[in-house]
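Here's the structure we're looking at; comments come further down.
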Amino acid sequence: MTARSAGWRFPLYLRIWIAVIVAVGLLTVAFGWLWRLNLDQQVPMREVIIRNDADEVIGQSLVRPYHAPGMGVEFEVLLNDGHTITVQLPPRPRPPGDVGRPWVPRGPAGFLWMLGIVALAVALGAYPIVRRLTLRLESLRRGVERWGEGDLSVRVPEQGHDEVAALARRFNQAAARVEELLKANKSLLANASHELRSPLARIRMGLELMDPEPSPRSRDEITRNIAELDQLIDEILLASRLDAREADMGSVEPVDLTGLAAEECARTGADLDEAESGQAVVVPGVAKLLRRAIRNLLENGRRYSSGPVTVSVTRSGREAVVRVCDQGPGVPAAERERIFEPFYRLRGASEREGGVGLGLALVRSIAQRHRGSARCEANAGGGACFVLTLPCD
């Protein structure tokens with residue numbers, strides 16, 4: 001962990017608290033200095049005595065000296081005859097080059113002036129910090145408003161490492177997830193309408209052309225189309241439930257992938273590589289979903305392979321790896337990711353070959369639901385290999 005991520009990550013509340021503490025500290029120091037200055041200005045009372053040439057006291061007063069700016073110190077003395085005189089002591093002459101003490105406001109008015117200057121300094125110092133935080137909040141608010149108005153592609157800047165940045169990241173993740181789900185639903189609806197229309201049209205045509213006594217071929221064709229419709233509806237429903245993360249797909253339990261693969265190989269006639277699949281490989285998961293994933297891979301391989309389909313189940317570190325390899329025409333490298341999209345078929349694939357284009361999409365969804373992955377590779381002996389990887393722990 002770097003020093004930036006470990007030592008310099010201050011939460012938002014801590015930064016605001018530190019800013020308040022610093023501001024209070026500055027105000028405390030300023031008030032203390034001003035109070036001390038104000039106390040220094042309270043010059044004690046002085047007794048001033050005026051004598052004549054005969055050394056007789058002609059006036060005497062207990063007064064406080066008054067500092068007149070630029071004129072020195074003045075005293076007001078009450079004489080014995082009732083008159084008042086002002087005694088002025090001009091400021092001492094400054095040595096050459098001495099600029100003198102800076103002017104400091106004195107008295108109550110000066111205290112208020114200094115208090116205003118300190119308050120202005122604190123306000124100017126705190127404004128950049130507060131403004132920087134509020135600008136990020138305003139940017140987040142504008143992004144949420146635009147997203148709420150229907151612009152699902154909007155994302156907010158992710159700056160910093162505090163709560164605001166974490167909220168922005170969470171919002172971007174949620175916005176991307178919602179946009180992805182809506183696009184998937186639109187694609188699902190658009191493609192499902194087309195896929196449902198094809199078998200329905202064949203059933204309708206078969207019924208119109210059916211003789212009073214339908215031939216076994218016509219009956220088989222209608223049965224096949226009905227089975228295709230049933231499979232399509234089942235896979236659409238399963239795909240919708242897998243997209244809903246909160247949907248309950250069943251209880252998680254230890255599942256023997258080797259046993260599942262052996263059962264499905266026996267059902268479809270595929271070959272289980274016993275040399276590599278000699279021991280049980282157990283993963284936590286939903287058994288019916290994992291069975292469906294292996295079954296879809298086997299049916300896909302059987303549909304396009306011109307030879308036997310081989311299956312191997314091995315363990316690599318903390319992952320279980322299921323490989324289903326066929327000897328078909330293979331999958332071009334540019335399309336090995338697209339074949340996992342719903343309703344996507346390779347060029348030249350015919351509806352007569354079966355399948356509705358959802359089998360591999362379901363495999364990837366099931367793998368992701370189990371924190372795994374699914375990919376397509378080239379088979380060394382020709383054809384394609386589909387690799388399903390699942391965590392064992």
[atom1]/[X] to [atom2]/[Y] distance, rounded to the nearest 0.5 angstrom?
| X | Y | atom1 | atom2 | answer |
| --- | --- | --- | --- | --- |
| D271 | S312 | CG | OG | 12.0 Å |
| L79 | I50 | CG | CD1 | 7.5 Å |
| C392 | E319 | SG | CD | 7.5 Å |
| R302 | R295 | CZ | CZ | 11.0 Å |
| I58 | L78 | CD1 | CG | 11.5 Å |
| N52 | N80 | CG | CG | 9.5 Å |

Does R315 reach the main-chain N or O of G317 with its side chain, forming a donor-acceptor pair under 3.5 Å?
-> yes
Tell me the closest heavy-atom pair linking [X] and [Y], and the distance in Å.
| X | Y | result |
| --- | --- | --- |
| L388 | A293 | CD2-CB, 4.3 Å |
| L290 | G285 | CD1-CA, 4.3 Å |
| A280 | T258 | CA-OG1, 3.7 Å |
| F386 | D326 | CE1-OD2, 4.1 Å |
| V156 | A168 | CG2-CB, 3.6 Å |
| A261 | V313 | CB-CG2, 3.7 Å |

Mind checking whether [X] and [Y] have side chains closer than 4.5 Å, heavy atoms only?
| X | Y | result |
| --- | --- | --- |
| R336 | R375 | no |
| Q327 | P308 | yes |
| V281 | V322 | no |
| L137 | V164 | yes |
| V363 | N296 | yes |
| E263 | R267 | no |
| H370 | V283 | no |
| L297 | L360 | yes |

Step through the shown structure and confirm whether more than 12 heavy atoms of other residues, nucleotides or ligands are within 6.0 Å of CZ on R169.
-> yes
Identify whether [X] and [Y] are in the same connected component of the hydrophobic contact network (ILVMFWY, side-chain heavy atoms under 4.5 Å).
| X | Y | answer |
| --- | --- | --- |
| V321 | L260 | no |
| V286 | L257 | yes |
| V48 | V57 | no |
| V252 | I366 | yes |

State whether the SG distance for the cysteine pair C376/C385 is less than 2.5 Å.
-> no
Show your reasoning for whether side chain to side chain contact (heavy atoms under 4.5 Å, CB included) applies to R177 and Q173.
-> CA-CA 6 Å; R177 178 62 179 163; Q173 293 172 1; over 6 Å; no
Passing option when E264 is tested against V311, L272, L298, V324 for side-chain contact (heavy atoms from CB on, under 4.5 Å) | L298
Could you give me the CA-CA distance, side-chain angles and deciding distance for L140 and L167, then say whether side chain to side chain contact (heavy atoms under 4.5 Å, CB included) is met?
-> CA-CA 9 Å; L140 179 60; L167 181 60; 3.3 Å; yes
Short N-O contact, R338 and E341, less than 4.0 angstrom = yes
